[in-house]
Amino acid sequence: MEHNLKLYNSVTREKEAFKPMQDGHVGMYVCGPTVYYDVHLGNCRTFVSFDVIYRYLQYIGYRVRYVRNITDVGHLLDDGEDRMLKGARLEQLEPMEVAQKYTVGFHEMMRIFNALPPSIEPRATGHIPEQIEMVQDILKNGYGYEANGSVYFDTLKFIEKTGIYGGLSGRNVEELVAESRDNLKNQSEKRHPADFAIWMKASPEHIMRWRSPWSEGFPGWHLECSAMSTKYLGPEFDIHGGGNDLKFPHHENEIAQNYGSCQCKGARYWMHTNMLLLNGKKMSKSDGNTISPPELFVGDSEHVSKGYSPMVVRFFMLQTHYRSTLDLTDEALQAAEKGFRRLMDADKTLQSLQPDAAASPGPLDAELNSLMDGVYEEMDDDFNTPKTLARIFELVSRINSLKGGQLPISEVSADTLARLKQVFHDFVYVVFGLLDEDATEGNDGTLDGLMQLIIDIRADARGRKDWGTSDKIRDALKSLRLQLKDGKEGTSWGRE
RNA sequence: GGUCGCGUGGCCGAGUGGCUAGGCAAAGGUCUGCAAAACCUUGUACAGCGGUUCGAAUCCGCUCGCGACCUCCA
């Protein structure tokens, strides 16, 4: 099947036809987490979004090198303290213990959300020499200056010489330039507010430090992504992704560093995911408007009435386009939970459908095929998962109708039915990365066997019109949140 | 204050100059021993006010409201 993949490029603010640099190969870099605290649910949204993008690119035949970094040094807070150090101080741990602890936690959360691991997951601390080299290159090209052992990127000069600063984030360069030096914090060694550190001299109490030509210190936050993307994907590569809030200054500075060090263009397509909101507002720890993934899963929060499983949350995320804000509310999650169940049930129903040997394909056959084509078209259109899901849900009602006899299976060719089974399965599990949680909950077949026995016994009772026994079984199972579904061809069951 | 984006039916959420998005909820119907599930039907939705157009929810302007970024953030 031909694909005309289009994606929205934050740089041009337009959907563009996607043309990888090398046929059949895609290099994709996504800014990963800073591992100083438990992973935030908003982080999870971003990584789930890029997980689906990664999965779909692979699904349509690309070989993808997906690089997602771990930031374990150099990320400064307002007060100038390193995030890693702050975490270490609070928990009385070595910085590397902090990094390890939260890296493990992050990986566990990605596993829970069924996000595939990236091809390469480089750490900032593992690439100090590469970052030092990049600083040297920037200095050599005249876009940096040293001050008391620290090195700063000379944004003003970069703007004057290249004129390429501010394009991604829509900064007004004149305004940036016009900012006076008075705006500088008093202790700053920067010449201009728009300048940023690429190497920081470590203060005496700073534990994370490496030798460099300028001082014992550590790299600036933005530098790692420039250095590591260049190292693993080359000076120019296909896709760079991250959260919307990284556009400025992080990504803008990344571009400046790439160009400033080697006239490299860096990424050709920039993709940004939008924010996750909680009850209409940005999640924020300070005002209590926040919920952690574990709290969400078990329902341990004032913001939700109950727990929602990781796959329900993942499905919920896919119902919104990655470039739109996603508002997490209890009501919306309840709706998503039911929709998710309906989707999973439909897959089971579909896989149980048998083709009619004497089928004569008619309009229904054509409709199914056209809906399936639509599934690909929607994904090709900037990874429009909500629209893709809409198409899939249209298939769901066709599937249920075929099962229930409202639509004749005799009008669907064996080939079309086989394709439907394949496409449905592929999109739900392979592309969207959803999991059937019932099947994975240590179900070794015992439950299926027991349920079949109970269903058989109930069928006998119903045959004798013993409604008392029949309803007793039904009600007892219901109290266990197991639902019996009586159909034309017998009874099936599922979880509520 | 500056920059950018958004405002869609009870809720969530796509879309976009003329053609049913979809999910959840609600109502009626089919099926059923009764239900549930499933299926069918049902919504004069596009913040407000102007303008462009044969035609706008979709383009333009203004107003109101919300959000993001501008400082650490996915």
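Here is the naming used below: chain letters follow the sequence lines, and residue numbers restart at 1 for every chain. As the structure is a computational prediction, the values presented were derived from the model and not from experiment.
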Which part of the nucleic acid does [X] contact within heavy-atom distance under 4.0 Å: base, sugar-phosphate only, or nothing?
X: N384(A); value: sugar-phosphate
X: L276(A); value: base
X: L407(A); value: nothing
X: K465(A); value: nothing
X: S397(A); value: sugar-phosphate
X: A332(A); value: sugar-phosphate
X: N400(A); value: sugar-phosphate
X: S492(A); value: nothing
X: R462(A); value: base
X: G42(A); value: base

If I pick the [atom1] atom on [M] and the same atom on [N], what distance separates them, to the nearest angstrom?
N: A74(B); M: C69(B); atom1: P; result: 11 Å
N: A27(B); M: G65(B); atom1: C1'; result: 33 Å
N: G29(B); M: A37(B); atom1: P; result: 16 Å
N: G17(B); M: C59(B); atom1: C1'; result: 8 Å
N: C39(B); M: G13(B); atom1: C1'; result: 25 Å
N: G10(B); M: C46(B); atom1: P; result: 10 Å
N: U63(B); M: U20(B); atom1: P; result: 36 Å

**OP:** Tell me, yes or no, whether the heavy-atom count around K465(A) atom NZ, taken from other residues, nucleotides or ligands under 6.0 Å, exceeds 12.
**Re:**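 Atom NZ in K465(A) is not packed in, count stays at 12 or less.
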Subject >> Exceeds 12 heavy-atom contacts within 6.0 angstrom, atom NZ of K201(A) >> reply: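 No - once you tally the heavy atoms of other residues, nucleotides and ligands closer than 6.0 Å, there are 12 at most.
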**OP:** Determine, for E377(A) against R391(A), whether the closest basic-nitrogen to carboxylate-oxygen distance falls under 4.0 angstrom.
**Re:**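 No, E377(A) and R391(A) are not salt-bridged.
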Subject >> Nucleotide forming a Watson-Crick or wobble pair with A47(B), both distances under 3.5 Å >> reply: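 Answer to the pairing question: U63(B), which forms a Watson-Crick or G-U pair with A47(B).
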Original post:
In Watson-Crick or G-U wobble terms, both distances under 3.5 Å, what is the partner of C31(B)?
Top reply: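 Its partner is none (no Watson-Crick or G-U wobble pair with both distances under 3.5 Å).
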**OP:** For a salt bridge (Lys or Arg N to Asp or Glu O under 4.0 Å) with D345(A), tell me which candidate from K485(A), K403(A), K338(A) qualifies.
**Re:**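 Output: one option passes, namely K485(A).
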Between [atom2] on [N] and [atom1] on [X], what's the gap in Å once rounded to a whole number?
X: M271(A); N: A74(B); atom1: CE; atom2: P; result: 18 Å
X: F393(A); N: G22(B); atom1: CZ; atom2: C1'; result: 8 Å
X: E394(A); N: C39(B); atom1: CD; atom2: C1'; result: 15 Å

Original post:
Between Y102(A) and D72(A), does any side-chain donor sit less than 3.5 Å from a side-chain acceptor?
Top reply: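 No, no side-chain donor-acceptor pair sits under 3.5 Å.
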Looking only at side-chain atoms of [X], point me to the closest of [options].
X: W467(A); options: G23(B), G33(B), A21(B); answer: G33(B)
X: Q319(A); options: A14(B), G23(B), A74(B); answer: G23(B)
X: T320(A); options: G23(B), A14(B), C40(B); answer: A14(B)
X: D471(A); options: C34(B), A36(B), C4(B); answer: C34(B)

Distance (rounded to the nearest 0.5 Å) between [X] [atom1] and [Y] [atom2]:
X: M275(A); Y: D245(A); atom1: CE; atom2: CG; answer: 3.5 Å
X: R462(A); Y: D486(A); atom1: CZ; atom2: CG; answer: 4.0 Å
X: L450(A); Y: I455(A); atom1: CG; atom2: CD1; answer: 11.0 Å

Subject >> Positive for ring pair (Phe, Tyr, Trp, His ring centres under 6.0 Å) with F196(A), one of Y165(A), F153(A), F248(A) >> reply: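 Of all the options given, the one that passes is F153(A).
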**OP:** Check if the side chain of D486(A) and the base of A35(B) share a donor-acceptor pair of N or O atoms closer than 3.5 Å.
**Re:**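 It does, because a donor-acceptor pair links the side chain of D486(A) to the base of A35(B) below 3.5 Å.
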Subject >> Under-3.5 Å donor-acceptor pair between R474(A) side chain and C34(B) base >> reply: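 Yes, the side chain and the base share a sub-3.5 Å donor-acceptor pair.
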Please list, for nucleotides 66-69 of chain B, all pairs of protein and nucleotide N/O atoms separated by less than 3.5 Å.
residue: C69(B); atom: OP1; partner: K282(A); partner atom: NZ; Å: 2.5
residue: C69(B); atom: O2'; partner: R171(A); partner atom: NH2; Å: 3.3

